[in-house]
Amino acid sequence: MIAELGLAALWLAATLALLQAVAGFMSWRENGGALTALIKPVAVAQGVLCLISFGALLYLFYVTDLSVLLVASNSHVDKPMIFKIAGTWGNHEGSMLLWLTILSLSGAAIALFEKRLDRPTLWASLFAQALLALGFFAFLLFSSNPFERLNPAPESGAGLNPLLQDVGLAFHPPTLYIGYVGLSIAFSFAVGALLTGKVGPAFARAMRPWVLLAWIFLTVGIAAGSYWAYYELGWGGWWFWDPVENASLMPWLAATALLHSVAVLAVRDALRAWTIMLALVAFAMSMAGTFLVRSGILTSVHTFAVDPERGAFILALLLFYIGGALALFGLRIGSVREGKQFNLLSREGGIVANNIFLSVILAVVLVGTLWPLAAEAMGEKISVGPPYFNRATVPIGLLLMLALMVGPLLRWRSDDGARLKRVIVPAMAALVTGILLFVQWPSAGLFPILSLSLAVGLAIASILPLVGRNLLRTPLTTWGMALAHFGLAVSIAGMATESGWSSERLAAMRVGEEAKIAGWTVTLKNVKPVAGDNWVAIEGEAVARNGDFTATLTPQARQFFQPAQQTSEAALLTRWNGQLYVVLAPVDGDNFDRWQVRLWWKPFVTFIWLGAAIIAFGGFLALIGRARLLRRRKKADESWGYA
Amino acid sequence: MKQKHQRLILVMVALVALIGAALLAASALREEASYFYTPATLAKAKVEPGKAIRLGGMVQNGSIKRAADGVTVSFIVQDRDAVQTVSYTGITPDLFVEGSGVVADGKLDKGGVFVAESLLAKHDENYVPRELKDIDMSAAEHTKDTLAK
């Protein structure tokens, strides 16, 4: 019954999306008209219906209704409750329903909260949003129905991939999807503005908070996924340049560029066409990322299932939306007048540099991700891995950091260069750090040394915009910018120390033996069996000592039953200056006499995610700052009698 | 600076950046992309020792041997026509068992042994490393027996 309710809600929502598309289009064409009053209520209703449909699926997973195919093939009665619920989106159909629900809710959010966009552009945007939704409604209803019944119902269900049975599953996909799909708002606004030709500061000010919000979620989602992979996979790495990771990085790069260029458009009315282009590209990357993965063309640990019919469907959708948006851009951009000009030595110039470097990183990541496909089409099997991505992206990243030390100090429109003197302090700090590191640890590698030095410089440079100001009267938006840039420095410092200064040790140990790593002595005290809800494990008791400090770590090697699969649960000891990472595995054929213990000491590795959290917090402050600014402006308007 | 000029300059800068990106990507691809071989294609190709490559195939039944240090394993990867000896130091992936598919990143040493730096095993029923998709998976039938050990 609940499954049928969910499916009915989905069909009804799809019908409303069609209605919204027609109403939006007609209103734009005729500049108003009979259907205009329908647009907003229909958009909201569509969002609510999708939410009901998603709620129905959540409920089916909550009660483990095994007469539903999706539940039966992805859940199990013995699974802990949190994974039963989070398992809703731990599969293809469920994750697509979540995707679509967020897309519809984004449309509802535009209808409810967007007050600043001029009416025709708003109608055209809601037309675009509905058109996007329609394609994905069709995809879900015709080729990925999450509510399909299974008759007869099995008794227990097939279970969920053990790697996904982790709290990470509860947070990472929803935040990431809000980020991905939140960018659809910028996309729809851009399409709307292309249709009406009204691209200017007012448009940019309307788009800005939406981009910021999506970008915050995207940042948090990527960081959460990275930390999840880091502790769950037991490989000691935090970023593998896996196609799916790249698929989340590419929209982030585009969204970051967009966030900056939209500021130029809002403040200075320049970079009009470019900002529109970025808004299209950012969500195009979201779609391409999600759907290339879902189509099974790019295989990775994130791929749930491969089905050629779905793949073709997805590719057709991608071609339609991305091709359509680019064609519209080509046709209509001529009618968008060129923005104001600026001196290249100015804040705008700095942001153009930021945009170029981010776009170039995006381009090389895209090439590396798609190259194996192109090579295979030509009959060669090639894999492109971390060596390519590190080598191609890090140098541009270093240039980006250099630009970032200077850009925020420049004035809008034209700068006389007077404030550039202040860069001397961070530049000297970076230089001294670099020399010291190189003398002390010449073997750490060129990239880690350069990155860490520039991170030190950037950390100082990022707070310069706050220096010499009355901090209480400094706008929150400036605080947000400084914090976000500081967070980037922290994150890059973590990446640099992790890749340049980590130590690793692999040992076969008997109980009672000890191994040494980076000042730590790790003793394997005991190994015993333990059991959880749906797994059994052998658990090691490893005592780590460093000077006077002692702690016990309990790494596990788990055997899950449903499905039968082994996973290793790493044990992590977090200190202020890094993490000790311990993995335990049995030695085959050794009759449990010896155990393989893999140890890592990763200095300052937590800075990677701490930095990401600071970046997101900076974005959050900027968002509050924008909202306050808006309220103040509105009040001022009211008191002058403009409202 | 005239209006027209500014747009022109920005477009030129963007073009230069794009060409720079293409060159960077091309040079990095030429040197860092690793080619994929099966034991049979590796036997035919003359790959110089020390060049990073990928090797994929089935782990031969009964071939996994663990060295005395407890952390090094050697095994034989096979396809229908050829075999290749592989050695690996480290914790093997969770699904690394005899008779199942494996993809190894590494290089050949002078003695013709493939020294793997990382191993990717068949992950679950839904996930097969893409290079193994075309390979005869009949040998993988044994997977379940060995898992149940």
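In what follows, chains carry the letters A, B, and so on, assigned in the order in which the sequence lines appear, proteins first and then strands, with residues in each chain numbered from 1. Note that this is a predicted model, so its numbers are computed, not measured.
- The shortest heavy-atom contact between R594(A) and A67(B) is NH2-O, 4.5 Å.
- Residues passing the side chain to side chain contact (heavy atoms under 4.5 Å, CB included) test with Q556(A), sequence neighbours excluded: V530(A), W535(A), A537(A), E539(A), R558(A), E569(A).
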Show me the donor-acceptor pairs within less than 3.5 Å that the side chains of residues 353-363 of chain A make with the rest of the protein, sequence neighbours left out.
from, atom 1, to, atom 2, distance (Å)
N355(A), OD1, W274(A), NE1, 2.7
N355(A), ND2, A257(A), O, 3.3
N355(A), ND2, I351(A), O, 3.1
S359(A), OG, N355(A), O, 2.5

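- At a heavy-atom separation below 4.5 angstrom, chain A is approached by A17(B), A21(B) within residues 16-23 of chain B.
- Put simply, of L24(B), T41(B), L29(B), the one with the most heavy-atom pairs under 4.5 Å next to chain A is L29(B).
- For A507(A), the part lying near chain B is the backbone, with the side chain staying farther off; criterion is any non-hydrogen pair under 4.5 Å.
- Between the CG atom of N390(A) and the CD atom of E32(B) there is a distance of 9.0 Å, given to the nearest 0.5 Å.
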(Q) Set out, in order, the CA-CA distance, both residues' side-chain angles and the distance that settles side chain to side chain contact (heavy atoms under 4.5 Å, CB included) for R66(B) and Q596(A), then state yes or no. (A) CA-CA 12 Å; R66(B) 196 166 284 274; Q596(A) 288 187 81; 3.3 Å; yes
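- Considering all non-hydrogen atoms of both residues, R598(A) and G90(B) come closest at NH1-CA, 4.4 Å.
- Among residues at least two apart or in separate chains, side chain to side chain donor-acceptor pair (under 3.5 Å) pairs with a member in residues 11-30 of chain B are R391(A)-S27(B).
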